[in-house]
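Here is the structure we will look at.
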Protein chains: 2
Amino acid sequence: MTRAAVPIAHCNACGAKVEMRIPEGDTHARAVCPACGHIQYQNPKVVVGSVPVWEDRILLCKRAIEPRLGKWTLPAGFMENSESAPEGAAREALEEANARVEIEQLYTLFSVPHISQVYVIFRARLLDLDFSPGIESLEVKLVEEQDVPWDQLAFASVRRTLAHFFEDRRTGIFLPRFGEIRPPER
Amino acid sequence: MTRAAVPIAHCNACGAKVEMRIPEGDTHARAVCPACGHIQYQNPKVVVGSVPVWEDRILLCKRAIEPRLGKWTLPAGFMENSESAPEGAAREALEEANARVEIEQLYTLFSVPHISQVYVIFRARLLDLDFSPGIESLEVKLVEEQDVPWDQLAFASVRRTLAHFFEDRRTGIFLPRFGEIRPPER
């Protein structure tokens, strides 16, 4: 996922050059504007996605964009302002796979601190078989467990979510899962 | 929680005035700089927190700051860059209640689309009784279920998380929960 945080050089309220310092009463250095006093915060971004299920198969997308072009992923992307997390996950399934899903349950949450991202992945029901590659996908397909391309998955969050999913499916009890992804994982 | 998104007027890379428009290949309007081409994205902020448990009691904090000054809350606050969600939740317990917690399990996720926030709350174990109000709290205390000040809770995410928690505690099965908070809830 792109949109890496870039250093803030100018105030986004007035355009003056900012200083990085810890404001009074705060605990972290922030971009503080000496001209107008505005503080611009930088916080982690949320990536929302889903495991769309049809019978015993799940929907995977082959990425048409960097990073990880050509690798396989679950439909997921940056959550937008003014939407809920499940709305964002459903939007990404539509954008990446022209797929309609019903979000069923919160499933995994993976933090990726070195790039300040949080993956939130829901279990979902694929509503029909009328899916096709969206502009960010080269290919979209339903796969059974034995056909998951484990060594061709784009992100650790996707790999770990799928491993938990198939493990939990055997017991029928889907536990919420959380974890951290640290280099060299990505 | 404060830090409401403010309109972006100037490019934070070069300081020029930005235009709000949909970049090529994008689906949403962004702050695009006509001078240097930089795109500044705005995305939802994550609030991380915990339900710290000691025997049959949970830890609540009375807010010393706006919004909702004087109301009761679970220890929670904005997730920072370069930390994981459970690290952030533990940090907030330490900052708001001088409390050491062990994060145990992902529990609730509430989206608050009208202010572009996502609450992620974990179940946690309070590790000792040596807690006290942090700078953002007027008072910190352990309460049993019957003593929860339901009409004096600061946020809907806190109220709903606690309601789920006590419901699930009766069965011993803590299900992951997600939901949306829309006005007039807050």
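We name chains A, B, ... by the order of the sequence lines, and we start the count at 1 in each one. Scope of the values below: all heavy atoms of this structure, side chains included, with no hydrogens, waters or symmetry mates.
- In this structure, the portion of A:Glu95 lying under 4.5 Å from any heavy atom of chain B is its side chain and not its backbone.
- Note that NZ of A:Lys62 is 11.0 Å distant from OG of A:Ser137, once rounded to the nearest 0.5 Å.
- Heavy atoms of B:Ala85 lying under 4.5 Å from chain A belong to its backbone as well as its side chain.
- Side-chain contact check for A:Phe165 versus A:Glu145: every heavy-atom pair is 4.5 Å or farther apart.
- For B:Arg182, the part lying under 4.5 angstrom from a heavy atom of chain A is the side chain only.
- Taking the centre of each ring, B:Phe155 and B:Phe110 stay at or above the 6.0 Å mark.
- At a 4.5 Å heavy-atom cutoff, the contact between B:Phe122 and chain A is made by side-chain atoms alone.
- Neither the backbone nor the side chain of B:Val18 comes within contact range of chain A; no heavy atoms are under 4.5 Å apart.
- With respect to the salt-bridge test (charged N to carboxylate O, under 4.0 angstrom), the residues B:Arg160 and B:Glu180 do not qualify.
- When B:Glu83, B:Arg177, B:Gln105, B:His114 are compared by the number of non-hydrogen pairs under 4.5 Å with chain A, B:Gln105 comes out ahead.
- Chosen from B:Pro86, B:Gly88, B:Gly179, B:Gly25, the residue pairing most often with chain A at heavy-atom distances under 4.5 Å is B:Pro86.
- With a 4.5 Å cut-off on non-hydrogen atoms, B:Ile135 does not touch chain A at all.
- A salt bridge links A:Arg30 with B:Glu80: at least one charged nitrogen is closer than 4.0 Å to a carboxylate oxygen.
- Of the listed residues A:Val118, A:Leu109, A:Val46, A:Thr108, the one with more heavy-atom pairs under 4.5 angstrom with chain B than any other is A:Leu109.
- At distances below 3.5 Å, at least one donor-acceptor pair connects side-chain atoms of B:Arg68 with backbone N or O atoms of B:Ala154.
- In this structure, B:Phe78 has its ring center no closer than 6.0 Å to that of A:Tyr41.
- Residue contact with chain A, scored on non-hydrogen atoms closer than 4.5 Å, involves the side chain of B:Gln40 exclusively.
- Contacts with chain B were tallied for A:Cys11, A:Ser82, A:Ala31; A:Ser82 has the most, counting heavy-atom pairs under 4.5 Å.
- Contacts between B:His28 and chain A at a heavy-atom distance below 4.5 Å involve the side chain alone, from C-beta outward.
- With chain B as the partner, the residue from A:Pro44, A:Gly15, A:Ala9, A:Ser111 showing the most heavy-atom pairs under 4.5 Å is A:Pro44.
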Task: Stepwise side chain to side chain contact (heavy atoms under 4.5 Å, CB included) test for A:Ile58 and A:Val143 - done: CA-CA 5 Å; A:Ile58 57 146; A:Val143 297; 3.9 Å; yes

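- Of the listed residues (A:His10, A:Glu136, A:Glu87, A:Lys17), the greatest number of heavy-atom pairs within a distance under 4.5 Å of chain B belongs to A:His10.
- Panel note: side chain B:Asp130, backbone B:Ala99; no donor-acceptor pair is recorded below 3.5 Å.
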